[in-house]
Protein chains: 2
Amino acid sequence: MQAKDVVLGLLMQGPKSGYDIKQEYEMGLSHFFDASYGSVYPALKQLEKSGMIVKEIVVQEGKPNKHMFTITELGERQFQHYLASPVQPDFYRSDILARLYFGKYGSADALVRWLQEGIDERIRLLRQLETAYEEHKAVLSPPRLISIQFSLQDYQAQIKVMQKGIDYLQSGQGYEFWEMSS
Amino acid sequence: MQAKDVVLGLLMQGPKSGYDIKQEYEMGLSHFFDASYGSVYPALKQLEKSGMIVKEIVVQEGKPNKHMFTITELGERQFQHYLASPVQPDFYRSDILARLYFGKYGSADALVRWLQEGIDERIRLLRQLETAYEEHKAVLSPPRLISIQFSLQDYQAQIKVMQKGIDYLQSGQGYEFWEMSS
DNA sequence: AGCGGCATGTAAGCTGTTACATGATTAC
DNA sequence: GTAATCATGTAACAGCTTACATGCCGCT
């Protein structure tokens, strides 16, 4: 899965501009796939060149022109081709987990601070997703609901562990700490 | 955080070869940072060139020579510099979540199959981590225990959602499904 | 005879990021 | 007046992956 597969998927839902696509990334999709303008626009250019999508310039009043892209039949076949390809394994990279892994070379204060920052960030993401979920839950497709529940439950689990991690560092206990009432 | 920061962190624990480092990645670290030989060896070369580590060739009987690397004082200072830098946000990219997001353009059969594959893979990772945890829990540093608990709880939460997702797809219910006994 | 483990590395290429460049309108 | 939003794009670079290249040892 790469940028152009996701762009194609978004255009399956109807014509969009590069700007629209970036917006849609930010609310929902960004929890498992992020992209910058520097990847969206080149992806659109490439898809247009290979005939997967077509461009139409829409003149707007008081705003810059929009370059709206529509998926072609060839593009739809390409998207089905993506869906038929093997599922790629998830990719997860975490700086905070690396710092915990090497935690004994740092200060306990820093560890607690990093964990608290991680909690705060995840609470922010959680709230954002919950709001979007409450607003749209009645019209979302079943699989999309699963993707949202996945991120929701994931953030909640991570927040719990990080909070428990802070308590653990401050308790001075051994590994038995994690074996009480899991 | 990049490959050389992690390599430096691993060398803080004592001298290691490129092969050793790749081995250690595979058991534990790989849950939040993976690297191939193509990134480990160039990282070592670069770190040696800049004086962060020093090489010593150890002749072995019946096996190829090992190039053992030891961290220098400069390297240790560099590692402390990394720990003092701002924590980078987590990076998560998931093909299966993308396929769920665009799920209405695919078949329900495929969705269930992908979810089941995701569950199986996570059960495998969970078992692997649990085994490593049971074997070493008494000697692991507190922060490293947190990093393991993080992955453990995370996989468990993901497996639960994916299982519930399969049940949901097969139940034919609406979004209320997710609001019973969360 | 062949495979898996041990062990080191390189080269080409893919993918994506960051920073830059431009410019109008609207709200504070 | 100045910041944010709307809107499009490029160029240079970073960072990592894949595939390749090599070779011995021990087991089956």
Side-chain angles (χ1 to χ4, degrees), chain A residues 1-8 15-27 29-30 32-50 53 55-69 82 85-86 88-95 98, chain B residues 1-8 15-27 29-30 32-50 53 55-69 82 85-86 88-95 98:
Chain A
M1 173 203 41
Q2 61 226 50
K4 50 180 185 147
D5 296 316
V6 178
V7 166
L8 230 37
K16 285 181 181 61
S17 70
Y19 193 81
D20 294 338
I21 287 168
K22 184 67 167 67
Q23 295 309 102
E24 197 159 335
Y25 267 115
E26 253 133 49
M27 35 176 345
L29 247 156
S30 62
F32 53 86
F33 192 106
D34 215 345
S36 56
Y37 286 122
S39 67
V40 170
Y41 285 115
L44 286 168
K45 197 180 176 182
Q46 212 186 308
L47 286 168
E48 195 197 4
K49 206 173 70 181
S50 53
I53 59 178
K55 175 156 66 174
E56 190 193 355
I57 295 170
V58 176
V59 179
Q60 299 186 116
E61 289 168 40
K63 288 179 188 177
N65 292 345
K66 247 177 195 266
H67 295 196
M68 297 295 281
F69 292 92
Y82 155 63
S85 73
Q88 297 304 120
D90 283 18
F91 181 89
Y92 180 54
R93 172 166 292 190
S94 172
D95 191 10
Chain B
M1 173 203 41
Q2 63 226 50
K4 52 180 184 148
D5 296 316
V6 178
V7 166
L8 229 36
K16 287 182 180 61
S17 70
Y19 194 80
D20 294 338
I21 287 169
K22 183 66 167 68
Q23 296 310 102
E24 196 159 336
Y25 268 115
E26 253 134 47
M27 34 176 347
L29 249 156
S30 63
F32 53 87
F33 191 104
D34 214 345
S36 56
Y37 286 121
S39 67
V40 171
Y41 285 115
L44 286 168
K45 197 180 177 183
Q46 212 186 308
L47 286 168
E48 195 197 4
K49 206 172 69 182
S50 54
I53 60 178
K55 177 157 64 174
E56 189 194 354
I57 294 170
V58 176
V59 179
Q60 300 187 117
E61 288 168 40
K63 286 179 187 178
N65 292 346
K66 247 176 195 268
H67 296 197
M68 297 295 281
F69 293 92
Y82 155 63
S85 72
Q88 297 302 120
D90 283 18
F91 181 89
Y92 181 53
R93 172 165 293 189
S94 172
D95 192 10

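What you see below is based on every heavy atom in this structure, not just the backbone, and it leaves out hydrogens, waters and symmetry mates. Residue numbers begin at 1 in each chain, while the letters A, B, ... track the order of the sequences. Quick caveat: nothing in here was measured; it's all calculated off a predicted structure.
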Exercise. Is any side-chain N or O of A/Q60 closer than 4.0 Å to OP1 or OP2 of D/dA7?
Worked result: yes

Exercise. Do you know the tightest heavy-atom contact between B/D90 and A/D95?
Worked result: OD1-N, 4.1 Å

Exercise. More 5' along DNA chain D: A/N65 or A/P42, using each one's nearest nucleotide?
Worked result: A/N65

Problem set entry | Candidate pair A/R93 and B/Q88, rule side chain to side chain contact (heavy atoms under 4.5 Å, CB included), full reasoning | CA-CA 10 Å; A/R93 172 166 292 190; B/Q88 297 302 120; over 6 Å; no

For this session: Apply side chain to side chain contact (heavy atoms under 4.5 Å, CB included) to the pair A/F69 and A/V7, showing each step before the final yes or no.
Result: CA-CA 10 Å; A/F69 292 92; A/V7 166; over 6 Å; no

Exercise. Under 4.0 angstrom, heavy atoms only, what part of the nucleic acid is A/D34 near: base, sugar-phosphate, or nothing?
Worked result: sugar-phosphate

Problem set entry | Span of DNA chain C, from the first to the last nucleotide whose atoms fall under 4.0 Å of chain B heavy atoms | C/dC6 to C/dG16

Seminar exercise, completed: Nearest heavy-atom approach of B/I57 to B/H67 is CG1-CD2, 4.0 Å

Exercise. For A/Q88 and D/dT18, what is the distance between atoms CD and C1' respectively, to the nearest whole Å?
Worked result: 13 Å

Exercise. Relative to A/Y19, does A/K66 satisfy both conditions: NZ or CZ under 6.0 angstrom from the six-membered ring centre, and within 45 degrees of the ring's axis?
Worked result: no

For this session: Can you tell me the distance, in whole Å, between the CG atom of A/L44 and the P atom of D/dA7?
Result: 14 Å

Exercise. Expressed in angstrom and rounded to an integer, what is the separation of A/Q23 atom CD from D/dT8 atom P?
Worked result: 10 Å

Seminar exercise, completed: Rounded to whole Å, the CG-P distance (A/D20 to D/dT5) equals 16 Å

Problem set entry | Base-contact (B) and sugar-phosphate-only (S) positions in nucleotides 23-28 of chain D, heavy-atom cut-off under 4.0 Å, - elsewhere | B-S---

Exercise. Mapping B/F91 and B/Y37 to their closest nucleotides on DNA chain C, which lands nearer the 5' end?
Worked result: B/Y37

Exercise. Could you give the NZ-to-P distance, from A/K16 to D/dT8, as a whole number of Å?
Worked result: 14 Å

Exercise. If every non-hydrogen atom of B/A35 is compared with every non-hydrogen atom of B/V40, which pair is closest and at what distance?
Worked result: CB-CG2, 4.3 Å

For this session: Look at all strands and tell whether B/K55 reaches a base, only sugar-phosphate, or nothing, counting heavy atoms closer than 4.0 Å.
Result: sugar-phosphate

Problem set entry | Step-by-step side chain to side chain contact (heavy atoms under 4.5 Å, CB included) determination, B/M68 to B/D20 | CA-CA 9 Å; B/M68 297 295 281; B/D20 294 338; 4.0 Å; yes

Problem set entry | Shortest non-hydrogen separation from B/Y82 to A/A98 and the atoms involved | OH-CB, 3.9 Å

For this session: Identify, between B/R93 and B/K66, the residue whose nearest nucleotide on DNA chain C lies closer to the 5' end.
Result: B/K66

Exercise. With a 4.5 Å heavy-atom cut-off, do B/F32 and B/F91 have their side chains touching?
Worked result: no

